[in-house]
Structure formats: structure tokens, C-alpha cells
Amino acid sequence: MSLLVLKHIKKSFSTGHQNEIQALKDVSFSVDKGDYVAIMGESGAGKSTLLNIIATLTHPTSGKITLNGIDLSHLSENEAAKFRRTQLGFVFQSFNLLDTFNNRDNIYLPLVLAKKSPQFMANRLAPLSQLLGIANLLDRQSFEISGGQKQRVAIARALITEPRLLLADEPTGALDSSNTEKILNIFERVNSKGQTILMVTHSAQAASYSRRTLFIKDGKIYNELYRGDQSRNQYLQKIIDSLTALEEVQ
């Protein structure tokens, strides 16, 4: 069953003097409930623009996008803000934690905004903190922990609302190889429990943990790979081959 559906999405930006940049030219794809999709492409290919449209941070110039049956293309600002709080989880490269809060309160923030009770929040956090291995970090400040630990706290904040879709924008971009592997294993584990994930990444290694990879070039979907029964190393090689082919296309 398709959770997210994009049909003929286009996005243009005006640069003044009647000039326009077409960031997305005609993008159509769907994401099934429980899927784990990676989006790859060169800088300027339209990945971030696409993620911002799915996140309701900007509207497409044309086309239609639905998530869980809700048409996102024309939500008002207030509707979009409520939709993001209740339907989406976000994981960023830069973590976006508040240094003035301890890690527990950083995680609780979206539930506080939703006016949930302290008991409700504690019940949500208990299994999540065990899953992510952060139970011993909850009362520390974000500036007291490592980058990998910060990302695990950020993932907990994204998941505590039980979002329909987890959006990850270069989630391992600021991490060393050891912490990168830990975070990718967490994403794989979370996905195995049914969480739908859409991840933008430059890393072939990160994409190899997904079930499916979309390649964007010049504002269009250029290629698509499915992992299927392939090992991670086999899938990684297919991704690398596709990236090489993508670079050769003029």
C-alpha cells in the first residue's frame, strides 16, 4: 500500500529579471508503508528541494503529492505546521538539538508542543531509549555528548511522535565511520519494526542500507534500484555503478 505518492512534481524558482530555475522538472514515484528509500544525486540535482516539498516546507509549482491520503500540495501554513508535527519525523545532518535543554527534554519537545502529559511522554520514551541505547544519556546536556550520541538523541526526537514517515537529510554526513555504521544499523533496525524511511544521502554506503534507491539528475528520476535479496556489498556495488553512470550522462 502506497503511503507517499508524488505525481508529476515540478518546482521552479525565480532568480529575478524573469529568469527561472527548474529545480524539479517532472518527478513521480511512490513509497509504500514500511519501505526504506534512499535518494541520491549530484549537488544541485533537486534532492533537497524534493525533500522540502515532501516536508511541506515549500509547495510544488505543479503536480500532486499525498501522504496517508492527505493532499500536501495546497496545505495552508497552519495546516502544514500541524501536519509536520503529527505525521513526519525529521533527522538532520546537524542534529538541531537545543543546548539549553537536556537530552530528555530535547526528545520530549514535539510532544510538549502537542500538549501531551508527562506520563504519556515517559511511556513513549522508555522503549525508544532502550532501542537507541541512550537511556544513560537522557539527563545530560547535548553539548556533553559525542556527535554519534547526538544523532541518536535526534532520532529519538524524530520517532517519539510515531510519525508516518521519517525524513532523513544526510543523517551521517557529520559523523565518523564508526558512528556512521551505528546510525545506519539503527535506521535498519527501526525500519524492520515497520517505520517508513525516506533518506537523502551522498553516501553510497548509507544508501546500501536501504531497500530501494532513487537517483535524481537535473530535476528528474534518472534510475531506480531495488535491493531485493542482494547482500549489502552486492547492493553497494550496484549503487556505485549507477552513480558512475550518472556522472557520465551529459
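Side-chain atoms of Q234 come within 3.5 Å of backbone atoms of S231 as a donor-acceptor pair (strictly under, hydrogens ignored). Here the side chain of E247 pairs no donor or acceptor atom with the backbone of T244 at under 3.5 angstrom. Listed for the S28 side chain is a donor-acceptor partner under 3.5 Å among the backbone atoms of H8. Listed for the E181 side chain is no donor-acceptor partner under 3.5 Å among the backbone atoms of S178.
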Please set out all donor-acceptor pairs under 3.5 angstrom arising from side-chain atoms of residues 61-72, sequence neighbours excluded.
unit_1, atom_1, unit_2, atom_2, d
T61, OG1, S12, N, 2.8
D71, OD1, S73, N, 2.9
D71, OD1, S73, OG, 3.1

With a cut-off of 3.5 Å and sequence neighbours excluded, list every side-chain donor-acceptor pair involving residues 154-164.
unit_1, atom_1, unit_2, atom_2, d
R157, NH1, N96, O, 2.6
R157, NH2, F95, O, 2.8
E162, OE2, R124, NE, 3.4

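Evaluation of the side chain to side chain donor-acceptor pair (under 3.5 Å) test over residues 127-140, restricted to residues two or more places apart or in two chains, returns R104-D139. Applying the salt bridge (Lys or Arg N to Asp or Glu O under 4.0 Å) test to residues at least two apart or on different chains, none of the pairs has a partner in residues 79-101. Every pair passing salt bridge (Lys or Arg N to Asp or Glu O under 4.0 Å) that includes a residue from residues 25-46 is listed here, sequence neighbours excluded: D35-R212, E42-K217.
When side chains are defined from C-beta on, N102 does not count as touching L138, because their heavy atoms never get closer than 4.5 Å. Contact check for I39 versus L198: side-chain heavy atoms found under the 4.5 Å cut-off. Counting only heavy atoms from C-beta outward, the side chains of Q141 and N103 never approach each other to under 4.5 Å. In this structure, the side chains of T213 and Y235 come closer than 4.5 Å at one or more pairs of heavy atoms. With contacts defined as side-chain heavy-atom distances shorter than 4.5 Å, the pair L50/L6 qualifies. Counting heavy atoms from C-beta outward, L165 and L167 have side chains that approach closer than 4.5 Å.
Taking the charged nitrogens against the carboxylate oxygens, R232 and E188 do have a contact shorter than 4.0 Å, which makes a salt bridge.
The side chain to side chain donor-acceptor pair (under 3.5 Å) check on N223 picks up S242, with sequence neighbours excluded. Listed by chain and residue number, D176 satisfy the side chain to side chain donor-acceptor pair (under 3.5 Å) test with N179 (two or more places apart in sequence, or in another chain). D241 pairs by the side chain to side chain contact (heavy atoms under 4.5 Å, CB included) definition with Q237, not counting sequence neighbours. Looking at residues two or more places apart in sequence or on another chain, you find no side chain to side chain contact (heavy atoms under 4.5 Å, CB included) involving S48. Shown here are the side chain to side chain contact (heavy atoms under 4.5 Å, CB included) partners of A206, two or more places apart in sequence or in another chain: T172, L184, M199, T201, S203. Not counting sequence neighbours, the partners of Q93 by the side chain to side chain contact (heavy atoms under 4.5 Å, CB included) test are E170, A174. Remark: Q205 engages no residue in a side chain to side chain donor-acceptor pair (under 3.5 Å) (not counting sequence neighbours).
Because its NZ or CZ atom is both nearer than 6.0 Å to the ring centre of F13 and within 45° of the ring axis, K11 counts as a cation-pi partner of that residue.
There is a side-chain donor-acceptor pair under 3.5 Å between Q230 and K238.
Under the side chain to side chain contact (heavy atoms under 4.5 Å, CB included) rule, L166 has a single partner from F90, F187, Y36, which is F187.
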